[in-house]
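A short worksheet on the structure shown next.
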Amino acid sequence: MNVHATPSQTVGPFFSHALPWPGGPLVVGEDAPGAVWLRGTVTDGAAEPVPDALVETWQADAGGRLSGSGFRGFGRCPTAVDGTWAIRTVKPGTVGADEAPHIAVSVFARGLLNRVVTRIYFADEPERNAADPALVRVDPQRRATLVAEPAPDGYRFDIRLQGEGETVFFDV
Amino acid sequence: MSELYPDESAQPPLAWPAYRSTRLRAPSRPLTVMPHSRTELTGPVLGDGRVGELDHDLTRQHAGEPLGERIVVHGRLLDGDGRPVPHSLVEVWQANSAGRYPHDGDQHPAPHDPNFTGVGRCLTDADGHYRFVTVKPGAYPWRNHDNAWRPAHIHFSLFGRAFTQRLITQMYFPGDPLFYQDPIYNSVPEGARERMVSAFDLSETVPEWALAYRFDLVLGGAGAVFEDTSVFEEDE
């Protein structure tokens, strides 16, 4: 690397009029085959909801294609006052031979001087999860923090920034 | 390296107690190193559909002109090898010239400006260049510590070409007397924090009309994989 990177700074508390847009959480239309809601809550080290976080997702389409084919792949949702967020998308296909289906996640918030990055895996893929090259690097006792559980209209994935049950965050 | 600054990338540490909001929000466990998949080495291509005709000019988004010192803010978006990043979305937002955001949570008793929302978007050109017209934002108090004031700043949000390059940062103004007491600015080590300070740029001022500041941005992260991309466009 020849040029020094620009440092990160916090997104701050006052971005909700600037970054979210109505279609941001809607990665696919409601009639898209396989459309599901990913829902969760962002909580802090006191287990209190974080009402001013921004959750972004990036993923392959159901066929494992990361761009092209008209698939946006990108979701953005601010948390509500109760810390909840929701993104409508499809479960991604496989992007690499050994890899389990996964979605890359960035969380931005007041109090986060840099984004934190995690991944969403899926509870209905136990065999592929067990062989995933990123997931196997994670302390087995903490892997469950990266696995979305089935829910009535899709999957549930909570993000705990700090403390008990802290989500695994990756250095990217 | 010191314990406070985790590596040589000159990024701020997540745990930085002087900035109080980090205390319950910064993860307590070390980050897990991961092998990059194509997922991390690609990224969204957010195109013209996210950028309206006047989104680059924050002084022309309402019936009248906002109050304040009119400025041009411009620069280039580069990757870690110094190559320009073309056709990439740049999002900015800022307080008005009195230091107030049009946000319900902002209780600073400074006036709102009905002619200023303080939100802009543009795409970098083929050479990685971007340009906004706006007004210089005001400083504002924020209760982090006794008599705490944020230096004037403009928030920037960048995507680059890959998920690894995603960056949200703040642009500051040269010579701000508030730097020394700001834990957000000072969370970045000396020698690197100065990269967040724009430079007065006489060459881009518009005579009899606006001053200008230059702010180049360099995205870190691993090199991007180029996919067969089709620019995503959306109406709204």
Side-chain angles (χ1 to χ4, degrees), chain A residues 1-19 21-23 44-46 48 50 52 56 58-60 66-70 72-74 95-96 99 102-104 106 108-116 133-134 137-138 161-163 166-172, chain B residues 9-14 16 19 21-22 24-29 31-35 37-40 42-46 78 80-82 91 93 101-103 105-106 119 155 157 163-164 166-170 184 187-188 192-193 195-196 217-221 227-230 232 234 236:
Chain A
M1 192 167 284
N2 303 316
V3 185
H4 291 301
T6 304
S8 169
Q9 295 274 266
T10 180
V11 73
F14 303 136
F15 61 80
S16 65
H17 63 297
L19 295 181
W21 80 100
D44 67 12
E48 294 292 325
V50 174
D52 53 1
E56 290 184 350
W58 168 243
Q59 64 169 100
L66 277 154
S67 50
S69 311
R72 185 174 94 190
F74 175 74
V95 301
E99 297 180 40
H102 61 263
I103 295 175
S106 300
F108 301 89
R110 170 178 64 84
L112 289 177
L113 283 161
N114 203 339
R115 66 171 170 163
V116 289
R137 301 255 189 132
V138 175
L161 294 176
Q162 184 193 90
E166 182 174 310
T167 300
V168 170
F169 297 107
F170 291 103
D171 180 2
V172 295
Chain B
S9 68
Q11 295 299 334
L14 288 167
W16 188 251
Y19 173 23
S21 294
T22 64
L24 281 173
R25 294 186 168 190
S28 60
R29 304 289 204 99
L31 301 180
T32 299
V33 176
M34 74 183 315
S37 146
R38 291 175 68 81
T39 306
E40 283 76 29
T42 55
V45 180
L46 301 168
L78 305 169
D81 294 320
E91 300 169 299
W93 71 104
Y101 290 89
H103 185 289
D106 185 354
V119 176
H155 297 267
S157 162
F163 180 82
T164 54
R166 181 84 176 96
L167 176 68
I168 289 182
T169 189
Q170 299 179 23
I184 294 179
S187 67
V188 175
R193 62 180 73 127
R195 295 176 210 154
M196 304 185 293
L217 294 128
V218 180
L219 303 178
E227 295 279 321
D228 177 22
T229 58
S230 61
F232 168 74
E234 185 174 47
E236 68 184 334

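Here is how names work: the chains are called A, B, and so on, in the same order as the sequence lines, proteins then strands, and each is numbered from 1. Heavy-atom basis, side chains included; hydrogens, waters and symmetry copies ignored. Note that this is a predicted model, so its numbers are computed, not measured.
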Item to complete: Evaluate the side-chain proximity of Y19(B) to T10(A): yes if any heavy-atom separation is below 4.5 Å, no if none is.
Response: yes
Discussion item. Any heavy-atom pair between the side chains of P13(A) and H103(B) that's under 4.5 Å?
Written reply: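 In short, these two side chains do not touch, never coming nearer than 4.5 Å.
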Chain A contact via [X] - side chain, backbone, both or neither, heavy atoms under 4.5 Å:
X       : answer
S157(B) : side chain
V218(B) : both
L217(B) : both

Of all heavy-atom pairs between [X] and [Y], which one has the smallest distance, and what is that distance?
X       : Y       : answer
R25(B)  : Q162(A) : N-NE2, 3.7 Å
L112(A) : P27(B)  : CD2-CD, 4.3 Å
V119(B) : A18(A)  : CG2-CB, 3.6 Å
P7(A)   : A192(B) : CG-O, 3.6 Å
E166(A) : S28(B)  : OE1-OG, 2.6 Å

Measuring from [X]:[atom1] to [Y]:[atom2], what's the distance to the nearest 0.5 Å?
X       : Y       : atom1 : atom2 : result
F163(B) : Q59(A)  : CZ    : CD    : 12.0 Å
R166(B) : R115(A) : CZ    : CZ    : 7.5 Å
L78(B)  : T6(A)   : CG    : OG1   : 8.5 Å
L31(B)  : F169(A) : CG    : CZ    : 9.0 Å
T164(B) : D171(A) : OG1   : CG    : 11.5 Å
T39(B)  : L66(A)  : OG1   : CG    : 5.0 Å

Worksheet item: Would you call E99(A) and R38(B) a salt bridge, taking side-chain N to carboxylate O under 4.0 Å as the test?
Response: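 Salt bridge flag = no for R38(B) with E99(A).
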Item to complete: State, without any angle test, whether R110(A) and S21(B) hold a side-chain donor-acceptor pair at a distance under 3.5 Å.
Response: yes
Side chain, backbone, both or neither: which part of [X] has an atom under 4.5 Å from a heavy atom of chain B?
X       : answer
V168(A) : side chain
A134(A) : both
F108(A) : side chain
E56(A)  : side chain
V116(A) : side chain
L19(A)  : both

Item to complete: Could you have a look at T167(A), V11(A), D52(A) and say which one has the most heavy-atom pairs with chain B under 4.5 angstrom?
Response: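 Among the listed options, the one with the most contacts to chain B is V11(A).
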Worksheet item: Is the H17(A) ring parallel, tilted or perpendicular to the Y101(B) ring (thresholds 30°, 60°)?
Response: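 Plane angle over 60°, so perpendicular.
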For the side chain of [X] and the backbone of [Y], is there at least one donor-acceptor N/O pair under 3.5 Å apart?
X      : Y       : result
Q11(B) : S8(A)   : yes
W58(A) : P44(B)  : no
E40(B) : V172(A) : no

